[in-house]
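Residue numbers begin at 1 in each chain, while the letters A, B, ... track the order of the sequences.
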Amino acid sequence: MALTLDDPNYHFLKVTAGALATFGMYSVLYKETKIYRFFEHMFLGLAAGLSLTLLWTQTLYDLWWGPLVGRTADKATEYGQNGAWAWVLVLPLAALAYTIFSKKHNWMSRIPIGLLIGIGAGQAIQNWFNQYGPQIENSIKPAIPTVWSRFTVPDRNGLPQAALDNVNNNVYGSQAINNLIFLVTLLCVLSYFIFCTEFKSKLTKGMSTAGRLMLMVGFGAIFGTTVMTRFALLIDRMYFVWIEWLLESLPRMLHR
Amino acid sequence: MQYYDTGFWQIVFVAVLIVFLLFNIIRARRGKSLFIRRIAGLSAIDEAIGRSTEMGRPVLMVPGLSGLGPVGIQAVNIFAYIARTAAKFGTPIRICFADAALYSVAQEIIRDVYQSEGFADRYDPTAVRFISDRQFAFAAGVAGMILREKIAAAFLLGDWFAESLILAESANSVGAIQVAGSTVTTQTPFLIAACDYVLIGDEFYAASAYLSREPVLVGSLVGQDWSKLLIAAIIVVLMVQASIEKALVPQTTQETQEGPGLIWTSKPIPARLKKRSDLLENRLFNPRPPAALSPREKRKLNAWEKDSDQ
Amino acid sequence: MRELAQLAPPTTVWTAHNGSTLLWVEIVAALILGILLAMGLSRLPIRLRKPIVAVVTFAGGLYFVLQYIWPQAQDYSKDEIPRGTVEGVSFWLQGTLPTVTNFAQVLGALLLGLGISSLLRIHISQLVKKHKDWLFSLTLIVSMLAMLVFGYWDWLSKLGPGAEQAVAANPHIFPNFARDFLFDGLFINLDAVMYSMIAFFIFSAAYRSFRLRSIEATILLGTALLVMLTLMGGVLVGWDRVVDAVGGGGGGHAGFLENFRLGAIKDWVQDNLQSPSIRAMEFGLAIGGLAMSLRLWLGIEKGVSN
Amino acid sequence: MADSTPEARPSLGAKLQALNRNALYLSLFAVVSGSLILTHLTSLQVPAQPQPCTKDTYTLLRNIPAGDTIIIDTGATNSTRGENGGEMEAVFRIAMRERLRFVLYTWQEPQCIEIAKGVIAKINLERRTSNPPEPEYREWDDYVILGFFPDGGTMLQTVASNIRDAWAAKKEKDPAGRERSVFESPVLKNIHRVEDIRAYVNIAMSNLMPTIVARVGRKLPVISMITGVMFPEQLNYYKSGQLKGLINGLVGTVELETLMEKGIDAKGEVGGHAPGPPVAAAFPGEKNYARGMDYYFAFCCAMSLLIVAIVIGNVGMMLERRRKP
């Protein structure tokens, strides 16, 4: 069979299918129609099929089947690997989870599940500091200027390395103030997340209110940055439909 | 874990947090009554369920893409509370999952809820569903369900990613009340924009304590507060310390390593401004490898030195 | 070098040569043993059930907690002999870690069947009961089977055992096309469509809720607008022209006014307001997660281990 | 929340506050489609203002001597093609025009490689048809493909300590069609340590950068090309110097393309003509504006529409307030 995956006819078929799928799914923006329902169910089916395929090809084959049966070296550069029979015990263990469908034995499903929960919890505790320690350290910024001669940070570009290091190493007045603002913001927001005391004093009340407002600033900024990605993807979809399918792929088909 | 230099410090830190939590849990179990401030999003739950009962439309609960971890199980606990109320009123419920393991846990918990409330007959096993473990297939499936079944209330609590807005807006378009909360900070803004009530940050974790008033949970919530205060305190103290050290204490020695064992020796140098890596706080968080190093340690060490130069 | 390849590593009680009968015997035996154990479990008296689950959970967590708190040997390698118990344990922890994490992954992956079976249960019953949506259920099942069959077949022909020859002999057999069509032609596109649809929802959500209703809403709107404007080249250029005009002399020489470039303002907000507030929120979540994990590990969490 | 609940005889204010959902969707759809097609037919260009991180990225890539090798680690799939796609095209164009050799692999999804191959083929076609026609980029001689690494983290760890071990098993067909180790290819034959590689370009839709920086970040400059969502987070890595370059999704791509068109002069001005050798030269008269610029006008229009919609909503609210105080 000489036909290859980049054959124009086949490619057109594929692109057309994609375009139809696009419009089919978009139809839901108007209302939930039979067309959408069709594509939705197809999507769910494909996804399920894909997951099952990947379950073997990307997880079990490498992580389970490989160690279980081992392999004889195929490359001159490496040793073979022996099979470890104990891996087969995973099967009955996992099977326990499926007792959930039985009224009588469903408690057994809690053994593998419990094990997984335990492992997850353990890992969470194990990684906790590695994950958040750096963030804590990162929030510690010097707030006393080391230079009083000037307030703002000098223009960095075009400076020789030594001078640049000096600038980077110093703390200028403006930076000190920013670092203080950073700290205050951090504390305010943290105080908003204190649940078990009623804030009575003006200060603490003010702090937690300010904290909530600061959160809104953060959220607004995130919103702004995320909008770009979302719109870019929509534009790409439209490009796919209008340009790649309608203006490029279709004419190429017709001119053959 | 490496204990050399300041390595012990982080262990102690985590240990203290854990002690805070356990101590307060025990305290609460001893029957010490503890206060929790009001959380708007959670007061809305009953309202939402009431509304869907009147309309006779289902209540939807989705934990996003949460897997079988702290977040997912926390979400399921909240859902269990909601399901309990729904069971009393006989309000139909739908719970959709993207993770098979969590799905199976939830199915059991919800079934127990209905049984313990004495409404085993009202429990519909297809109410708890696995939709798909592929993010957007999941979104498509749930969105379709929302629109078809015209759900009256949606609880979107858990690990939400890009799909959050698809569900929130679909639910809004059928006029459902939405209570949402995401542990993924980048999604919260969208939930705030689209939903009626939003649990921000660890209000999500506070929820189960708030709803159940279960001593264990309330106690651990107090412990969490203490822990947050501890973090705040550490940051403030170290910040003061770092500021003073940086502004007033010049660096007069340089630590270098010599000899086959790479022994640390500190040599006097002309006084200069301290770099970040010279500061105590930095050293607390980046323990310095000991003398007599193995090859791997040497590699780490070189990396560390390069790091402290920038 | 070739000899080296033939040379298989020595076996232990736990391992046997690839393809050897011994290995298969061991595997079958272990499987039977496992099944028997499982059956034995089902006979367990009720009072023992909870403890067992609790113990299993605790053990699972303990392993990783030990990974964290146990003093770590400076330089672990398979062929070094540990000095003393502490280092011995540390070596054991480091040596077994990959296996344990793989095991957790495999076990978790094997639970996928639970989900798929729930999906199928619902749709097959709809199919049988001729529920009004039975056609769609059929679509779902068919497309699932198609993806499964061709996906696996395609994998066999490309990456599976002895695939190189197969591909060389016949570069693009039908399953490759079928799989490519289902995955690249349909699945990927459906995925992308769903993703792109978010733009519409952002649009309507922003229109609906970005009102100068309260201080909070105003702040949210203000920062969002600020950031959005910095993304639009035209606006940015225009604004900076103004800055230059006022500050005199273009191109980053407007002195103090530099701080009033749109980009600069945005960066300031992000550095000094956004990142600390989000970080504080992260700390809260971190602690909450830690507490939850702790409760789960110790089995004192209500709802799951009750 | 103001939802579309029309009162009896709604006032203008009420109307403006409750525009029909479908109308909103339709307007966005129309605006995006229209502006896209317009851009396609009349290749119009919107001015962009390159940010420092984009300038650094371009300067770094532009000043790598010809014939040297870089790593391109792609995670671009079709679902984020809107951002990663443009970034990838730009990188390939720069690399090919400077005759940089590159190693291509992914540890995110196997199909990323197929997609990258497609882009390379597309750019090769451009090069064939451009006048004067430029030489095509050929596998083995100009680039090698290492394929998919299921466990990239570990792989990078090995790369950091001994790159030759890490990729020892990787083979590729030379022009003669013989299977040979990639280290015999012109791309990698002079590479003995990871430090010999000039740059690590990571094109990603997920946040893998911290792992990369942790593993190899101190041995070679890392450039991260990501989607806008992750930009604020990664910006800190750039500021702390752990990232030598950073491209902010679609806008970053447009900035990069602008730099390819205009270049950076000796005084660091974009498109300036200061005397002396430029910081980073342009590629005059070549196809610099590509997918990024194709999308940018549509993007700006969509953003403007969003802002307009927000304004309309607020105007409506004002009117309403004025009507019944």
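When the candidates Trp242(A), Tyr239(A), Tyr30(A) are compared by the number of heavy-atom contacts under 4.5 Å with chain D, Tyr239(A) comes out ahead. Most heavy-atom pairs under 4.5 Å with chain D, from the set Ile222(A), Thr226(A), Leu233(A): that is Leu233(A). Listed options Val279(D), Val32(D), Leu28(D), Leu36(D) were ranked by heavy-atom pairs under 4.5 angstrom with chain A; first place goes to Leu36(D). The choice from Thr39(D), Thr80(D), Leu250(D), Asn22(D) that makes the most heavy-atom pairs within less than 4.5 Å of chain A is Asn22(D).
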Go through it in stages, so that I can follow the logic: the residues are Phe231(D) and Met228(A), the test is side chain to side chain contact (heavy atoms under 4.5 Å, CB included), and I'd like the CA-CA distance, side-chain angles, deciding distance and then a yes or no. CA-CA 11 Å; Phe231(D) 180 70; Met228(A) 172 172 70; 6.0 Å; no
> After noting the C-alpha distance and the side-chain angles of Arg230(A) and Val229(D), does the key distance pass the side chain to side chain contact (heavy atoms under 4.5 Å, CB included) rule?
Replying inline: CA-CA 9 Å; Arg230(A) 305 298 183 239; Val229(D) 183; 3.9 Å; yes
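With a 4.5 Å cut-off on non-hydrogen atoms, Leu246(A) does not touch chain D at all. For a residue to count as touching a neighbouring chain, one of its non-hydrogen atoms must lie under 4.5 Å from one of that chain's; by this rule Asn78(D) touches chain A with the backbone only. With a 4.5 Å cut-off on non-hydrogen atoms, Ser79(D) touches chain A through its backbone but not through its side chain. In this structure, the portions of Leu29(A) lying under 4.5 Å from any heavy atom of chain D include both its backbone and its side chain. Interface residue Val251(D): backbone and side-chain heavy atoms are both found under 4.5 Å from chain A. Neither the backbone nor the side chain of Leu26(D) has a heavy atom closer than 4.5 Å to any heavy atom of chain A.
Two residues are said to be in side-chain contact when any heavy atoms from C-beta on lie closer than 4.5 Å; Asp236(A) and Arg291(D) meet this criterion.
Arg237(A) contributes atom CZ, which lies 12.0 Å from atom CZ of Phe29(D) (distance to the nearest 0.5 angstrom). The CG atom of Asn84(D) sits 9.5 Å away from the OG1 atom of Thr229(A) when rounded to the nearest 0.5 Å.
Against chain A, the residues from residues 301-310 of chain D that qualify, each with a non-hydrogen atom under 4.5 angstrom away, are Ala302(D), Met303(D), Leu306(D) in number order.
Checked for salt-bridge contact, Lys122(D) and Glu244(A) miss the test: no charged N lies under 4.0 Å from a carboxylate O.
More than 12 heavy-atom neighbours from other residues, nucleotides or ligands sit within 6.0 angstrom of CG on Leu55(A). At most 12 heavy atoms of other shown residues, nucleotides or ligands fall within 6.0 angstrom of atom NE2 in His11(A).
Evaluation of the side chain to side chain donor-acceptor pair (under 3.5 Å) rule for Gln45(D) yields no partner, not counting sequence neighbours.
With hydrogens and angles disregarded, no donor-acceptor distance shorter than 3.5 Å links the side chain of Thr225(A) to the backbone of Gly228(D).
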